[in-house]
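Below, each value reflects all heavy atoms present in this structure, side chains not excepted, and no hydrogens, waters or symmetry copies.
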Amino acid sequence: MRRWSLAGQMLVLQLLVVTVTATGGAVLALVQAHELLTEEAGATARAVAVSVAASPDVRDALRTPDPSVRLQPYAERVRLATGVDFITIMRPDGTRYTHPNPRQIGHRFLGHTQRALAGQTFIETYTGTLGPSQRAVTPVMADGRVRALVSAGITVNRISERLRGQFAWGGLIVALALSLGAAGTWLVTVRLRRQTHGLGPVELGRIHDHHDAVLHAVREGLLLVGRDGRLALCNDAARQLLGLPDDAEGRHLAELCPAALVEGVRGGGEQVHLSGDRVLAVSGAPSRLGTVVTVRDHTELQALTGQLDAERGFAESLRSAAHEAANRLHTVITLVELGRTDQAVALGTAELRAAQELTDRVVGAVREPVLAALLLGKSAEAAERGGELVISEDSELDDLGLDPRELVTIVGNLIDNAIDAAGRVEVQLRADDDGLTIRVADDGPGLTDQAAFERGWTTKGDGHGLGLALVGQAVRRLGGTIEVTGSEFTVRLPVPEAVR
């Protein structure tokens with residue numbers, strides 16, 4: 001059985017509401033109109049009765065032997081002029097002097113007269129010779145006593161005729177209201193059907209449940225940024241990765257995220273950004289609702305990439321050293337073949353001594369094995385590129401218990417940037433009571449822009465601007481500081497208490 005769509009159910013419900021409202025309003029209006037017409041008829045009858053009772057002609061006629069002769073024509077003239085259905089003038093005992101039907105003259109009045117005999121004017125609904133009517137009864141006073149009674153009234157049938165005349169207008173208004181309500185409901189239904197794609201409440205509820213489950217279950221951060229730059233939607237992972245507050249939705253993205261990330265979202269594609277101690281890959285894709293932003297945590301991946309780069313650097317250093325050693329060995333063999341054994345021995349000894357001196361100097365100064373291996377590799381790399389890496393004579397560093405991956409990130413990236421910018425690089429590594437000091441200086445032009453530690457800053461046209469940003473991030477994670485003076489970078493890191 002096919003379920004009704006939400007738009008169809010809304011159409012039926014709204015038509016029912018419009019019909020009930022319009023019909024109820026019409027019925028209420030007719031009831032109020034009936035009450036108003038009845039009150040109006042009573043007020044008219046009262047006014048006519050009081051006016052007739054106060055007329056001098058009535059009092060003069062009552063003094064004559066046969067009052068009906070003068071009162072009947074008078075009462076009919078007033079009745080026709082005022083539009084009431086009857087005017088009855090009677091004796092205090094109820095005997096009629098006048099009546100619209102002359103045959104009723106002399107008969108008893110049908111109705112209550114006690115209050116009028118007491119000097120009061122009152123209105124009542126009573127069934128007389130003309131049928132039910134809204135009538136008023138009032139006394140005719142003369143010399144302080146009741147000389148006669150006057151009753152004027154309008155029949156209920158006449159009131160109903162006037163009410164039936166309003167039925168047509170009421171029906172027209174109800175029909176117009178129903179037509180307008182139906183047209184408006186249809187337009188709303190068409191729009192609702194377009195927006196809900198003709199789905200029913202069950203399907204919409206299921207879609208919402210699926211959407212909510214997927215949105216909060218995925219580990220990647222998902223954001224929807226509207227065309228006006230406001231954050232329309234975000235999941236739990238995005239809040240955690242970007243540190244968004246609970247009231248983030250509805251606020252401008254520029255208020256919540258760094259400017260570089262906002263510009264990256266506008267630019268589209270995938271870019272790497274630093275957020276606190278995290279490395280985030282942010283990608284934005286335009287949609288008809290705005291921009292869908294995906295945020296992935298690449299912190300661990302970046303750390304592994306850094307280790308891979310270090311290993312690749314070590315391998316490249318070994319390759320460079322092997323290449324250089326092969327050249328030296330080839331030269332030594334050639335000298336031996338030429339019979340110049342003394343020169344061959346001298347060249348081989350000199351190369352061995354130089355390599356051993358470099359190794360002894362690095363290992364003797366830096367007893368942290370990972371850093372020592374890194375410095376040896378970078379020395380070979382600098383030599384192959386025509387530069388020189390010098391370990392300062394006052395360098396002295398033991399194993400301080402710091403994360404070697406963080407140290408490789410800091411020292412490796414600083415040396416790489418120095419080698420790229422200059423020919424001679426000097427490295428100092430020294431620990432004292434204040435902590436570990438890492439100083440890397442070169443003979444290049446240097447820099448003074450602290451933006452170098454933000455993602456995207458680079459002096460190389462094809463660079464990604466991530467090396468120094470990773471250095472700054474690693475220094476912050478270790479609780480240290482970094483200073484730049486020209487071409488000299490100085491990093492100070494606190495040492496764990498257990499190592500001091």
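- Taking 4.0 Å as the cut-off between side-chain N and carboxylate O, Glu483 and Arg492 count as a salt-bridged pair.
- A heavy-atom distance below 4.5 Å is not found between the side chains of Val440 and Glu488.
- Sorted by first and then second residue, the pairs that involve residues 14-41 and meet salt bridge (Lys or Arg N to Asp or Glu O under 4.0 Å), not counting sequence neighbours, are Glu40-Arg162.
- When every heavy atom of Ala49 is checked against every heavy atom of Val150, the shortest pair comes out as O-CG1, 3.8 Å.
- Thr481 is not listed as a side-chain neighbour of Val491, based on a closest heavy-atom distance of 4.5 Å or more.
- Across all non-hydrogen atoms, the minimal contact from Leu110 to Thr127 is CB-O, 4.5 Å.
- The minimum heavy-atom distance between Asp85 and Thr155, with the atom names listed, is OD2-N, 2.6 Å.
- Shown here are the ring-ring contact (aromatic ring centres under 6.0 Å, His included) partners of Tyr126, two or more places apart in sequence or in another chain: His112.
- In this structure Thr121 satisfies the side chain to side chain donor-acceptor pair (under 3.5 Å) test together with Thr138, sequence neighbours excluded.
- Among all heavy-atom pairs drawn from Gly153 and Val84, the shortest one is O-CB, 3.7 Å.
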*Test Leu493 against Leu407 for side-chain contact (heavy atoms from CB on, under 4.5 Å), laying out the working first.*
CA-CA 10 Å; Leu493 303 174; Leu407 295 179; 4.0 Å; yes
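- In this structure, the side chains of His99 and Thr129 come closer than 4.5 Å at one or more pairs of heavy atoms.
- A distance-only check finds no donor-acceptor pair linking the side chain of Ser487 to the backbone of Ala441 [under 3.5 Å].
- To the nearest 0.5 Å, atom OG1 of residue Thr88 and atom CD of residue Gln104 are 9.5 Å apart.
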*Given Tyr97 and Ile105, is the side-chain contact (heavy atoms from CB on, under 4.5 Å) satisfied, shown in steps?*
CA-CA 6 Å; Tyr97 288 129; Ile105 296 175; 5.7 Å; no
*Determine, step by step, whether Leu231 and Leu244 satisfy the side-chain contact (heavy atoms from CB on, under 4.5 Å) criterion, reporting the C-alpha distance in whole Å, the side-chain angles of both residues, the deciding distance to 0.1 Å, and the verdict.*
CA-CA 11 Å; Leu231 183 61; Leu244 300 178; 4.1 Å; yes
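- Under the side chain to side chain donor-acceptor pair (under 3.5 Å) criterion, Thr125 pairs with Gln134, sequence neighbours left out.
- The closest side-chain heavy-atom distance from Val225 to Val293 is below 4.5 Å.
- To the nearest 0.5 Å, the span separating CZ on Phe122 from CZ on Arg115 amounts to 6.0 Å.
- For Arg251, the salt bridge (Lys or Arg N to Asp or Glu O under 4.0 Å) test picks out Asp247, Glu255, with sequence neighbours left out.
- For the atom pair CD1 of Ile482 and OG1 of Thr490, the computed distance is 8.5 Å after rounding to the nearest 0.5 Å.
- When all heavy atoms are compared, the tightest approach of Val78 to Val52 is CG1-CG2, 3.9 Å.
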*Go through Leu62 and Val140 one step at a time and tell me if the side-chain contact (heavy atoms from CB on, under 4.5 Å) criterion holds.*
CA-CA 10 Å; Leu62 290 174; Val140 179; 4.0 Å; yes
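- Contact annotation: the side chain of Ile123 never approaches that of Arg135 to less than 4.5 Å [non-hydrogen atoms, C-beta and beyond].
- Distance check: Gln120 CD to Gln114 CD gives 11.0 Å after rounding to the nearest 0.5 Å.
- A donor-acceptor pair under 3.5 Å is absent between the side-chain atoms of Arg46 and the main chain of Ala41, judged by distance alone.
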*Does the pair Asp93 and Thr95 meet the rule for a side chain to side chain donor-acceptor pair (under 3.5 Å), with working shown?*
CA-CA 6 Å; Asp93 62 359; Thr95 303; 3.2 Å; yes
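- Within the 4.5 Å cutoff, the side chain of Phe489 has no heavy atoms near those of the Arg439 side chain.
- For the atom pair CG of Asp442 and CD1 of Ile415, the computed distance is 11.0 Å after rounding to the nearest 0.5 Å.
- Heavy atoms only, all atoms of each residue included: Leu117 and Pro92 are closest at CD2-O, 3.6 Å.
- The closest side-chain heavy-atom distance from Ile410 to Leu478 is below 4.5 Å.
- Sorted by first and then second residue, the pairs that involve residues 71-82 and meet side-chain hydrogen bond (donor to acceptor under 3.5 Å, both in side chains), not counting sequence neighbours, are Ser55-Tyr74, Glu76-Arg79.
- Distance check: Arg230 CZ to His252 NE2 gives 3.5 Å after rounding to the nearest 0.5 Å.
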